[in-house]
2 protein chains.
Amino acid sequence: MGAGEDGLNRGFMALADPVRRRIIARLSTGPATVNDLAAPFEISKQAISKHIQVLEQAGLVTRSRDAQRRPVHLDAAALELLTAWIDRYRLVHEQQYRALDAVLASDGRSAPATNPGTTTAHGTSTSEEES
Amino acid sequence: MGAGEDGLNRGFMALADPVRRRIIARLSTGPATVNDLAAPFEISKQAISKHIQVLEQAGLVTRSRDAQRRPVHLDAAALELLTAWIDRYRLVHEQQYRALDAVLASDGRSAPATNPGTTTAHGTSTSEEES
DNA sequence: TCGTTGATCAACTGTGTGGTTGATTACGCT
DNA sequence: AGCGTAATCAACCACACAGTTGATCAACGA
(Lines give C-alpha, C1' and ligand atoms only; values in the text may rest on other atoms or scores of the structure.)
Protein backbone atom coordinates (compact mmCIF):
# COMPACT_ATOMS: atom_id res chain seq x y z
CA MET A 1 0.00 0.00 0.00
CA GLY A 2 1.19 3.50 -0.41
CA ALA A 3 4.64 2.90 -1.87
CA GLY A 4 3.88 5.57 -4.43
CA GLU A 5 7.34 7.09 -4.19
CA ASP A 6 9.69 4.56 -2.73
CA GLY A 7 8.01 1.75 -4.59
CA LEU A 8 9.14 3.15 -7.91
CA ASN A 9 12.67 3.52 -6.59
CA ARG A 10 12.85 -0.07 -5.46
CA GLY A 11 10.96 -1.34 -8.48
CA PHE A 12 13.18 0.17 -11.14
CA MET A 13 16.29 -0.48 -9.08
CA ALA A 14 15.27 -4.13 -8.93
CA LEU A 15 15.04 -4.29 -12.72
CA ALA A 16 18.39 -2.55 -13.20
CA ASP A 17 20.34 -5.79 -12.83
CA PRO A 18 20.67 -8.56 -15.41
CA VAL A 19 20.60 -11.31 -12.78
CA ARG A 20 17.33 -10.07 -11.34
CA ARG A 21 15.86 -9.63 -14.81
CA ARG A 22 16.72 -13.21 -15.67
CA ILE A 23 15.14 -14.29 -12.38
CA ILE A 24 11.96 -12.49 -13.37
CA ALA A 25 12.09 -14.06 -16.81
CA ARG A 26 12.33 -17.46 -15.18
CA LEU A 27 9.54 -16.74 -12.72
CA SER A 28 7.23 -15.62 -15.49
CA THR A 29 6.93 -19.30 -16.44
CA GLY A 30 6.03 -20.39 -12.91
CA PRO A 31 7.26 -20.33 -9.31
CA ALA A 32 10.66 -21.74 -8.37
CA THR A 33 12.85 -22.28 -5.34
CA VAL A 34 16.05 -20.44 -4.55
CA ASN A 35 18.11 -23.44 -5.58
CA ASP A 36 16.34 -23.63 -8.92
CA LEU A 37 16.90 -19.95 -9.50
CA ALA A 38 20.56 -20.11 -8.51
CA ALA A 39 21.34 -23.05 -10.79
CA PRO A 40 21.95 -21.22 -14.11
CA PHE A 41 24.24 -18.61 -12.50
CA GLU A 42 27.88 -18.68 -11.51
CA ILE A 43 27.40 -16.74 -8.33
CA SER A 44 26.73 -18.19 -4.88
CA LYS A 45 23.33 -19.10 -3.53
CA GLN A 46 23.55 -16.39 -0.88
CA ALA A 47 23.86 -13.79 -3.60
CA ILE A 48 20.71 -15.12 -5.25
CA SER A 49 18.96 -14.98 -1.90
CA LYS A 50 19.90 -11.33 -1.61
CA HIS A 51 18.60 -10.64 -5.10
CA ILE A 52 15.31 -12.24 -4.17
CA GLN A 53 15.14 -10.09 -1.06
CA VAL A 54 15.57 -7.05 -3.27
CA LEU A 55 12.80 -8.24 -5.57
CA GLU A 56 10.59 -8.98 -2.58
CA GLN A 57 11.09 -5.56 -1.01
CA ALA A 58 10.23 -4.06 -4.38
CA GLY A 59 6.97 -6.00 -4.30
CA LEU A 60 7.80 -7.80 -7.53
CA VAL A 61 7.82 -11.28 -5.99
CA THR A 62 6.37 -12.98 -2.93
CA ARG A 63 7.50 -16.02 -1.01
CA SER A 64 5.28 -18.72 0.43
CA ARG A 65 6.10 -21.69 2.60
CA ASP A 66 6.26 -25.32 1.52
CA ALA A 67 8.07 -27.42 4.12
CA GLN A 68 11.69 -26.28 4.24
CA ARG A 69 11.64 -24.63 0.83
CA ARG A 70 10.28 -21.18 0.08
CA PRO A 71 8.95 -21.04 -3.46
CA VAL A 72 9.15 -17.62 -5.08
CA HIS A 73 6.41 -16.46 -7.40
CA LEU A 74 6.03 -13.37 -9.50
CA ASP A 75 3.60 -10.54 -8.78
CA ALA A 76 2.47 -9.14 -12.09
CA ALA A 77 0.60 -6.24 -10.49
CA ALA A 78 3.84 -4.59 -9.38
CA LEU A 79 5.22 -4.89 -12.89
CA GLU A 80 2.10 -3.21 -14.15
CA LEU A 81 2.68 -0.26 -11.83
CA LEU A 82 6.10 0.30 -13.37
CA THR A 83 4.83 0.18 -16.94
CA ALA A 84 2.04 2.51 -15.91
CA TRP A 85 4.54 5.12 -14.73
CA ILE A 86 6.59 4.95 -17.92
CA ASP A 87 3.56 4.95 -20.19
CA ARG A 88 2.17 8.02 -18.51
CA TYR A 89 5.04 10.26 -19.52
CA ARG A 90 5.76 8.45 -22.74
CA LEU A 91 2.25 9.05 -23.97
CA VAL A 92 2.21 12.66 -22.80
CA HIS A 93 5.39 13.27 -24.72
CA GLU A 94 4.12 11.66 -27.91
CA GLN A 95 0.93 13.65 -27.70
CA GLN A 96 2.96 16.84 -27.26
CA TYR A 97 5.08 15.88 -30.24
CA ARG A 98 2.05 15.34 -32.39
CA ALA A 99 0.77 18.77 -31.40
CA LEU A 100 4.09 20.31 -32.44
CA ASP A 101 3.83 18.58 -35.79
CA ALA A 102 0.40 20.08 -36.23
CA VAL A 103 1.72 23.56 -35.52
CA LEU A 104 4.58 23.19 -37.96
CA ALA A 105 2.26 21.87 -40.63
CA SER A 106 -0.37 24.58 -40.31
CA ASP A 107 1.93 27.61 -39.99
CA GLY A 108 5.40 27.58 -41.55
CA ARG A 109 5.94 31.33 -41.14
CA SER A 110 9.59 32.10 -40.25
CA ALA A 111 12.56 30.53 -38.48
CA PRO A 112 12.80 26.87 -39.43
CA ALA A 113 13.03 24.15 -36.82
CA THR A 114 16.55 25.06 -35.71
CA ASN A 115 15.31 26.61 -32.48
CA PRO A 116 13.75 23.87 -30.37
CA GLY A 117 12.22 26.03 -27.66
CA THR A 118 14.78 26.65 -24.96
CA THR A 119 12.59 27.90 -22.13
CA THR A 120 9.19 26.51 -22.94
CA ALA A 121 6.54 24.82 -20.86
CA HIS A 122 6.33 27.16 -17.91
CA GLY A 123 2.57 27.42 -17.91
CA THR A 124 1.43 24.33 -16.05
CA SER A 125 4.49 24.21 -13.84
CA THR A 126 2.54 22.89 -10.88
CA SER A 127 2.06 19.50 -12.57
CA GLU A 128 5.62 18.36 -11.92
CA GLU A 129 4.67 16.20 -8.96
CA GLU A 130 4.97 12.45 -8.90
CA SER A 131 1.92 10.26 -8.65
CA MET B 1 23.83 0.46 -31.29
CA GLY B 2 22.94 -3.00 -30.02
CA ALA B 3 22.49 -2.01 -26.39
CA GLY B 4 20.14 -4.94 -25.99
CA GLU B 5 21.71 -5.95 -22.68
CA ASP B 6 23.45 -2.94 -21.25
CA GLY B 7 20.70 -0.66 -22.49
CA LEU B 8 18.22 -2.21 -20.10
CA ASN B 9 20.69 -1.89 -17.25
CA ARG B 10 21.24 1.80 -17.87
CA GLY B 11 17.60 2.42 -18.69
CA PHE B 12 16.11 0.98 -15.52
CA MET B 13 18.97 2.32 -13.43
CA ALA B 14 18.21 5.78 -14.81
CA LEU B 15 14.59 5.47 -13.72
CA ALA B 16 15.54 4.25 -10.24
CA ASP B 17 16.05 7.78 -8.95
CA PRO B 18 13.34 10.26 -8.00
CA VAL B 19 15.32 13.23 -9.31
CA ARG B 20 15.71 11.66 -12.74
CA ARG B 21 12.07 10.62 -12.80
CA ARG B 22 11.01 14.18 -12.08
CA ILE B 23 13.34 15.36 -14.83
CA ILE B 24 11.64 12.98 -17.23
CA ALA B 25 8.24 14.15 -16.06
CA ARG B 26 9.29 17.71 -16.79
CA LEU B 27 10.74 16.85 -20.17
CA SER B 28 7.56 15.09 -21.20
CA THR B 29 6.00 18.54 -21.54
CA GLY B 30 8.80 19.84 -23.76
CA PRO B 31 12.57 20.39 -23.89
CA ALA B 32 14.37 22.39 -21.22
CA THR B 33 17.83 23.60 -20.33
CA VAL B 34 19.94 22.37 -17.44
CA ASN B 35 19.21 25.53 -15.47
CA ASP B 36 15.48 25.08 -15.98
CA LEU B 37 15.71 21.48 -14.84
CA ALA B 38 17.84 22.34 -11.81
CA ALA B 39 15.51 25.09 -10.61
CA PRO B 40 12.93 23.03 -8.65
CA PHE B 41 15.61 21.00 -6.83
CA GLU B 42 17.73 21.75 -3.82
CA ILE B 43 20.86 20.11 -5.19
CA SER B 44 23.59 21.82 -7.17
CA LYS B 45 23.57 22.36 -10.92
CA GLN B 46 26.53 20.01 -11.35
CA ALA B 47 24.53 17.20 -9.82
CA ILE B 48 21.72 17.83 -12.31
CA SER B 49 24.26 17.81 -15.11
CA LYS B 50 25.43 14.41 -13.94
CA HIS B 51 21.85 13.13 -13.84
CA ILE B 52 21.36 14.29 -17.39
CA GLN B 53 24.52 12.50 -18.42
CA VAL B 54 23.10 9.33 -16.91
CA LEU B 55 19.84 9.79 -18.77
CA GLU B 56 21.75 10.51 -21.98
CA GLN B 57 23.92 7.40 -21.70
CA ALA B 58 20.75 5.42 -21.13
CA GLY B 59 19.41 6.83 -24.40
CA LEU B 60 16.41 8.36 -22.66
CA VAL B 61 17.27 11.95 -23.59
CA THR B 62 19.34 13.73 -26.21
CA ARG B 63 21.01 17.12 -26.17
CA SER B 64 21.16 19.59 -29.02
CA ARG B 65 22.98 22.88 -29.36
CA ASP B 66 21.43 26.34 -29.23
CA ALA B 67 24.13 29.01 -28.75
CA GLN B 68 25.66 28.49 -25.29
CA ARG B 69 22.77 26.45 -23.93
CA ARG B 70 22.15 22.77 -24.54
CA PRO B 71 18.44 22.01 -24.48
CA VAL B 72 17.56 18.49 -23.35
CA HIS B 73 14.67 16.67 -24.94
CA LEU B 74 13.08 13.33 -24.21
CA ASP B 75 13.40 10.25 -26.40
CA ALA B 76 10.18 8.31 -26.11
CA ALA B 77 11.49 5.36 -28.10
CA ALA B 78 13.87 4.38 -25.31
CA LEU B 79 11.02 4.50 -22.81
CA GLU B 80 9.07 2.22 -25.09
CA LEU B 81 11.88 -0.33 -25.05
CA LEU B 82 11.68 -0.51 -21.26
CA THR B 83 7.92 -0.99 -21.19
CA ALA B 84 8.31 -3.60 -23.90
CA TRP B 85 10.66 -5.64 -21.71
CA ILE B 86 8.35 -5.50 -18.70
CA ASP B 87 5.23 -6.22 -20.69
CA ARG B 88 6.78 -9.27 -22.28
CA TYR B 89 7.18 -11.14 -18.99
CA ARG B 90 4.15 -9.61 -17.37
CA LEU B 91 1.92 -10.90 -20.14
CA VAL B 92 3.58 -14.31 -20.20
CA HIS B 93 2.96 -14.63 -16.50
CA GLU B 94 -0.69 -13.62 -16.75
CA GLN B 95 -1.22 -16.05 -19.58
CA GLN B 96 0.38 -18.82 -17.52
CA TYR B 97 -1.86 -17.92 -14.61
CA ARG B 98 -4.93 -18.08 -16.77
CA ALA B 99 -3.86 -21.52 -17.98
CA LEU B 100 -3.52 -22.68 -14.38
CA ASP B 101 -7.00 -21.43 -13.67
CA ALA B 102 -8.27 -23.42 -16.60
CA VAL B 103 -6.63 -26.57 -15.30
CA LEU B 104 -8.08 -26.09 -11.84
CA ALA B 105 -11.53 -25.44 -13.25
CA SER B 106 -11.63 -28.43 -15.60
CA ASP B 107 -10.19 -31.03 -13.27
CA GLY B 108 -10.51 -30.66 -9.50
CA ARG B 109 -9.35 -34.16 -8.74
CA SER B 110 -7.15 -34.09 -5.62
CA ALA B 111 -4.82 -31.75 -3.74
CA PRO B 112 -6.36 -28.28 -3.61
CA ALA B 113 -4.41 -25.12 -4.50
CA THR B 114 -2.22 -25.24 -1.40
CA ASN B 115 0.77 -26.64 -3.30
CA PRO B 116 1.92 -24.00 -5.80
CA GLY B 117 4.30 -26.20 -7.77
CA THR B 118 7.77 -26.00 -6.32
CA THR B 119 9.84 -27.31 -9.22
CA THR B 120 7.68 -26.66 -12.25
CA ALA B 121 8.39 -25.23 -15.66
CA HIS B 122 11.44 -27.16 -16.73
CA GLY B 123 10.20 -27.91 -20.20
CA THR B 124 11.08 -24.81 -22.21
CA SER B 125 14.16 -24.05 -20.17
CA THR B 126 16.09 -22.77 -23.17
CA SER B 127 13.95 -19.63 -23.34
CA GLU B 128 15.63 -17.95 -20.39
CA GLU B 129 17.76 -15.69 -22.53
CA GLU B 130 17.38 -11.96 -22.64
CA SER B 131 16.26 -10.24 -25.80
C1' DT C 1 37.91 43.53 -24.33
C1' DC C 2 35.79 42.57 -20.15
C1' DG C 3 32.14 40.67 -17.49
C1' DT C 4 28.23 37.54 -17.10
C1' DT C 5 25.78 33.50 -17.88
C1' DG C 6 25.26 28.46 -19.14
C1' DA C 7 27.37 24.29 -18.55
C1' DT C 8 30.96 21.05 -17.89
C1' DC C 9 35.37 19.07 -15.89
C1' DA C 10 38.12 17.51 -11.96
C1' DA C 11 38.99 15.84 -7.47
C1' DC C 12 37.04 14.28 -3.09
C1' DT C 13 33.64 12.22 0.38
C1' DG C 14 29.89 9.26 2.16
C1' DT C 15 26.95 5.67 1.44
C1' DG C 16 24.80 1.77 -0.77
C1' DT C 17 25.11 -2.29 -3.59
C1' DG C 18 26.98 -6.84 -5.32
C1' DG C 19 29.81 -10.34 -4.20
C1' DT C 20 32.36 -13.42 -1.11
C1' DT C 21 33.04 -16.92 2.97
C1' DG C 22 31.68 -18.94 7.46
C1' DA C 23 28.26 -20.03 10.76
C1' DT C 24 23.33 -20.85 11.91
C1' DT C 25 18.35 -22.06 11.66
C1' DA C 26 14.60 -25.11 10.05
C1' DC C 27 12.85 -29.08 8.11
C1' DG C 28 12.79 -33.96 6.36
C1' DC C 29 14.63 -38.62 6.28
C1' DT C 30 16.44 -43.05 8.10
C1' DA D 1 19.24 -38.86 17.69
C1' DG D 2 21.92 -37.90 13.74
C1' DC D 3 22.68 -36.48 8.98
C1' DG D 4 21.72 -34.01 4.64
C1' DT D 5 19.38 -30.34 2.45
C1' DA D 6 17.17 -25.58 1.82
C1' DA D 7 17.81 -21.17 3.01
C1' DT D 8 19.16 -17.32 5.68
C1' DC D 9 22.18 -14.42 8.83
C1' DA D 10 26.48 -11.94 9.74
C1' DA D 11 30.74 -9.87 8.81
C1' DC D 12 33.66 -8.30 5.39
C1' DC D 13 35.63 -6.31 0.74
C1' DA D 14 35.54 -3.86 -3.78
C1' DC D 15 33.40 -0.76 -6.50
C1' DA D 16 30.12 2.42 -8.34
C1' DC D 17 26.95 6.16 -7.53
C1' DA D 18 25.02 10.75 -5.57
C1' DG D 19 26.44 14.77 -3.88
C1' DT D 20 29.75 18.48 -2.78
C1' DT D 21 33.21 22.47 -3.90
C1' DG D 22 36.49 24.79 -6.96
C1' DA D 23 38.20 25.65 -11.40
C1' DT D 24 37.56 25.79 -16.45
C1' DC D 25 35.51 26.37 -21.10
C1' DA D 26 32.29 28.52 -24.46
C1' DA D 27 29.18 31.97 -26.03
C1' DC D 28 26.67 36.15 -25.68
C1' DG D 29 26.29 41.45 -24.47
C1' DA D 30 27.84 46.13 -23.29
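So you know, we letter chains A, B, ... as the sequences are listed, proteins then strands, and number each from 1.
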Name all pairs fulfilling the salt bridge (charged side-chain N to carboxylate O under 4.0 Å, His left out) condition that reach into residues 10-20 of chain B, sequence neighbours left out, sorted by first residue then second.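 Salt bridge (charged side-chain N to carboxylate O under 4.0 Å, His left out) check on residues 10-20 of chain B returns B/Asp6-B/Arg10.
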Salt bridge (charged side-chain N to carboxylate O under 4.0 Å, His left out) pairs touching residues 49-58 of chain A, sequence neighbours excluded, are A/Glu56-A/Arg63
For nucleotides 24-30 of chain C, 5' to 3', base contacts (B), sugar-phosphate-only contacts (S) and non-contacts (-) with protein non-hydrogen atoms under 4.0 Å give --SSS--
side-chain hydrogen bond (donor to acceptor under 3.5 Å, both in side chains) partners of A/Thr62, counting only residues at least two apart: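 With sequence neighbours excluded, A/Thr62 shows a side-chain hydrogen bond (donor to acceptor under 3.5 Å, both in side chains) to A/His73, given in chain and number order.
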Sorted by first residue and then second, give each side-chain hydrogen bond (donor to acceptor under 3.5 Å, both in side chains) pair with at least one member in residues 39-48 of chain A; sequence neighbours left out.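 For residues 39-48 of chain A, and leaving out neighbouring residues, the side-chain hydrogen bond (donor to acceptor under 3.5 Å, both in side chains) pairs sorted by first residue read A/Asn35-A/Lys45.
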Which angle, to the nearest 10 degrees, lies between the helix axes at the two ends of the helix from C/dT1-D/dA30 to C/dT30-D/dA1, each defined by five pairs? 20°
Collect all protein-nucleotide pairs involving nucleotides 12-14 of chain D in which both atoms are nitrogen or oxygen and the distance is under 3.5 Å.
none

Other ILVMFWY residues reachable from A/Leu81 by side-chain steps of under 4.5 Å: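 None; A/Leu81 is a cluster of one.
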Which of residues 53-61 of chain A sit near DNA chain C, with a heavy atom under 4.0 Å from it? none
Would you indicate which nucleotide in C/dT21, C/dG6, D/dT20 comes nearest to any side-chain atom of B/Ala47? D/dT20
Report the residues that fulfil side chain to side chain contact (heavy atoms under 4.5 Å, CB included) with B/Ala16, sequence neighbours left out, ordered by chain and then residue number. A/Phe12, A/Met13
Mind checking what makes side chain to side chain contact (heavy atoms under 4.5 Å, CB included) contact with B/Ser28, not counting sequence neighbours?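 If we apply the side chain to side chain contact (heavy atoms under 4.5 Å, CB included) test to B/Ser28, skipping adjacent residues, the hits are A/Tyr89, A/Val92, A/His93, B/Leu74.
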